[in-house]
A.B. asks: 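After the structure tokens below, expect a handful of questions from me.
All values below come from the heavy atoms of this structure, side chains included, with hydrogens, waters and symmetry mates left out.
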Amino acid sequence: MTTSAPASPDLPPTDRTTLSPRTLAVSAGRPARAPGGSLNPPVVLSSTFVSQGSPTPGEHLYGRIGTPAWEPFEQALAALERVDHAALGLPSDGPPATVFASGMAAIDAALALVPLGGRVVAPRHSYQVTLVLLRELEERGLLRLDVVDVADTEAVVTALRGSDGTPAAMLWLESPTNPMLEVADVPALVAAAHDLDALVVVDSTFATPLVQRPLAHGADVVVHSVTKYLAGHSDVVLGATVTDDPALHGRLVAHRTTHGAIAGPFEVWLALRGLRTLALRVERAQANAAELARRLADHPHVVEVRYPGLPGDPGHARAAAQMDGFGAIVGLRPVGGPVGADALVDAVDLWVPATSLGGVESTLERRRRFATESPTVPQDLVRLSVGIEDVEDLWSDLDAALTAASRAAQA
């Protein structure tokens, strides 16, 4: 004979605002608990839903408009970015995060917040496809673009004010930047932009919510390439936006609905599964990156290393003040110029020559191999995305490849 378990006493719900991001990555976006219920949300593959009469708010109608397949991931990401639903008058499970088909789809939606002809101030070393899109929009007369050295706070503020006295409509930030790893003074620049009624969007892909939460510094919208660290296994292409402004959230969702930049249900499910190990992956990758950067700084075949975690890095003090870590991307310039850089990429064995970043595997590439990369990025810059392998194995491979590349460059 079986007996039922005694009923649990009524307990107050956990105050999730007090939980560590490491815990939220594991616990947020779970289904409601019920005896025999699923621990994980299902993959909802339906493109349409039963609906009659006038639709009610939040009712599922059609997969392009909204689907339960997106909501657990959106809820989890919003929790990681510390969106306070109660303060916003939103339901506790409301998703101020919005998942998109790709990081560029999320970036496009965020840039659509710029009024027609408005001016955007952006880092000169932003992700190169972001700059391609910005320049395309400028050529079509949809906006005006000013690019600046985002590490120069005074220069950014001057650009925000405008040479003709017309303030910018949006400040676009990356910090650290891709691929130069410059660190912006996010709180100061957000305050300066808001003094001019400009929106602030921060692409926080490199940092992840575990290392930096721009909304806490007053940013209006955060953008992520979910493809990278959040999903973390180099097997999906997705993007997301997060905001604590209900009106902006509504506009971002409307853009996704109208323009159709929607994410596949299974890809979002994979991203949520990847999110569960985000803390472990980021912590291991950061530790590896810090150790490799330290060793590379003293390597005889290295000209320059950029990593905000190095005490001598130009962005170190700023990153230490406003971030909870330094990330896992390292910039490296080997001896031998572009020839040496290409030889390095060719010589590695464990490291994977590949674009993109943020997976469990360590990858590297010479960024100026892309014609659209910013011309101020050094021709010999190699971007390292440090993964979670054993650091000694990574070092052994990289050290040997640097020696081989130096020989090849001198031949």
A.B. asks: Is the closest side-chain heavy-atom distance between Pro21 and Arg82 below 4.5 Å?
C.D. replies: yes

A.B. asks: Of all heavy-atom pairs between Pro214 and Val202, which one has the smallest distance, and what is that distance?
C.D. replies: CG-CG1, 3.7 Å

A.B. asks: Between the side chain of Ser406 and the main-chain N/O of Leu402, is any donor-acceptor distance below 3.5 Å?
C.D. replies: no

A.B. asks: Is the backbone of Ala184 close enough, under 3.5 Å, to the side chain of Ser175 for a donor and an acceptor to pair up by distance?
C.D. replies: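 Pair found, side chain donor or acceptor close to backbone of Ala184.
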
A.B. asks: Whether the side chain of Trp70 engages the backbone of Val268 through a donor-acceptor N/O pair (distance < 3.5 Å, no angle test) should be reported.
C.D. replies: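 It does not hold such a pair.
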
A.B. asks: Do NZ/NE/NH1/NH2 and the carboxylate oxygens of Arg213 and Glu81 come within less than 4.0 Å?
C.D. replies: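 No.
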
A.B. asks: With ring centroids as reference points, do His316 and Phe326 lie under 6.0 angstrom apart?
C.D. replies: yes

A.B. asks: Does a donor on one side chain sit under 3.5 Å from an acceptor on the other, for Gln322 and His217?
C.D. replies: no

A.B. asks: Would you say Tyr127 and Thr205 make side-chain contact, with heavy atoms under 4.5 Å?
C.D. replies: no

A.B. asks: Measure the spacing between CG of Leu364 and CG of Leu394 and express it to the nearest 0.5 Å.
C.D. replies: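 Result: 11.0 Å between the selected atoms.
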
A.B. asks: Is there a donor-acceptor contact under 3.5 Å from the side chain of Ser385 to the main chain of Gly358?
C.D. replies: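 The answer is yes, because a donor-acceptor pair under 3.5 Å joins these two groups.
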
A.B. asks: Say whether, by atom type as modelled, one donor and one acceptor occur between the side chain of Tyr307 and the main chain of Gly327 under 3.5 angstrom.
C.D. replies: yes

A.B. asks: Please lay out, stage by stage, how Arg135 and Glu139 fare under the test salt bridge (Lys or Arg N to Asp or Glu O under 4.0 Å).
C.D. replies: CA-CA 6 Å; Arg135 290 183 175 121; Glu139 289 171 2; over 6 Å; no

A.B. asks: Distance-only, no hydrogens or angles: does the Glu267 side chain make a donor-acceptor pair with backbone N or O of Val237 under 3.5 Å?
C.D. replies: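 Checking the backbone N and O of Val237 against the side chain of Glu267, no donor-acceptor pair under 3.5 Å is found.
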
A.B. asks: Tell me every residue that passes ring pair (Phe, Tyr, Trp, His ring centres under 6.0 Å) with His194, counting only those two or more places apart in sequence or in another chain.
C.D. replies: none

A.B. asks: How are the rings of His259 and His255 set relative to one another: parallel (under 30°), tilted (30 to 60°) or perpendicular (over 60°)?
C.D. replies: parallel

A.B. asks: Is Leu332 close to Leu344 at the side-chain level, that is, under 4.5 Å between some pair of heavy atoms?
C.D. replies: yes

A.B. asks: Using the rule side-chain contact (heavy atoms from CB on, under 4.5 Å), only one of Glu138, Arg144, Met170 pairs with Arg119; which is it?
C.D. replies: Arg144

A.B. asks: Hey, mind stepping through Asp313 and Arg306 against salt bridge (Lys or Arg N to Asp or Glu O under 4.0 Å) and telling me if it holds?
C.D. replies: CA-CA 6 Å; Asp313 188 88; Arg306 286 301 305 268; 2.8 Å; yes

A.B. asks: Any heavy-atom pair between the side chains of Thr130 and Asn178 that's under 4.5 Å?
C.D. replies: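 They are not in contact (no side-chain heavy atoms under 4.5 Å apart), so the answer is no.
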
A.B. asks: What's the separation between atom CG in Leu272 and atom CG in Leu230, rounded to the nearest 0.5 Å?
C.D. replies: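 One gets 11.0 Å once the value is rounded to the nearest 0.5 Å.
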
A.B. asks: Is there a side-chain contact between Asp203 and Ser126 in this structure, where contact means two heavy atoms from C-beta onward sitting under 4.5 Å apart?
C.D. replies: no

A.B. asks: From Thr67 OG1 over to Ile262 CD1, what is the distance, rounded to the nearest 0.5 angstrom?
C.D. replies: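 It comes to 9.0 Å.
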
A.B. asks: What do the steps show when you test Val330 against Leu292 for side chain to side chain contact (heavy atoms under 4.5 Å, CB included), and what is the final call?
C.D. replies: CA-CA 9 Å; Val330 178; Leu292 292 175; 5.6 Å; no

A.B. asks: For the residue pair Asn40 / Arg273, report whether a side-chain donor-acceptor contact shorter than 3.5 Å exists.
C.D. replies: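 There is no such pair (donor and acceptor under 3.5 Å, judged by atom type) between the side chains of Arg273 and Asn40.
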
A.B. asks: Output yes when a side-chain donor or acceptor of Arg281 lies under 3.5 Å from a complementary backbone atom of Val360, and no otherwise.
C.D. replies: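 No; zero donor-acceptor contacts below 3.5 Å.
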
A.B. asks: Pairing donors with acceptors under 3.5 angstrom, does anything connect the side chains of Asp245 and Thr243?
C.D. replies: no

A.B. asks: Do the side chains of Tyr62 and Ser51 get nearer than 4.5 Å, heavy atoms only?
C.D. replies: no

A.B. asks: Can you tell me how far CZ of Phe100 sits from CG of Leu252, rounded to the nearest 0.5 angstrom?
C.D. replies: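 If I round to the nearest 0.5 Å, the distance is 5.5 Å.
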
A.B. asks: Donor-acceptor check, side chain of Glu389 to backbone of Ser362, threshold 3.5 angstrom: yes or no?
C.D. replies: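 Yes; judged by distance alone, with no hydrogens or angles, the pair exists.
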
A.B. asks: Between CG of Leu45 and CH2 of Trp269, what distance do you get to the nearest 0.5 Å?
C.D. replies: 11.5 Å

A.B. asks: Checking His233 now: which residues fulfil ring pair (Phe, Tyr, Trp, His ring centres under 6.0 Å) with it, not counting sequence neighbours?
C.D. replies: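 Counting only residues at least two positions away or on another chain, His233 forms no ring pair (Phe, Tyr, Trp, His ring centres under 6.0 Å).
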
A.B. asks: Is the closest side-chain heavy-atom distance between Arg366 and Gln379 below 4.5 Å?
C.D. replies: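 Heavy-atom side-chain distance check passes, below 4.5 Å.
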
A.B. asks: When you measure from the side chain of Asp397 to the backbone N and O of Leu350, does any donor-acceptor pair fall under 3.5 Å?
C.D. replies: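 Looks like yes, one N/O pair under 3.5 Å.
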
A.B. asks: Enter the distance from Thr48:OG1 to Leu61:CG here, rounded to the nearest 0.5 Å.
C.D. replies: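 Output value for this atom pair is 8.0 Å.
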
A.B. asks: With Ser374, which residues qualify under side-chain hydrogen bond (donor to acceptor under 3.5 Å, both in side chains), at least two apart?
C.D. replies: Thr376

A.B. asks: Using a 3.5 Å distance criterion without hydrogens, assess whether the side chain of His299 forms a donor-acceptor pair with backbone atoms of His301.
C.D. replies: yes

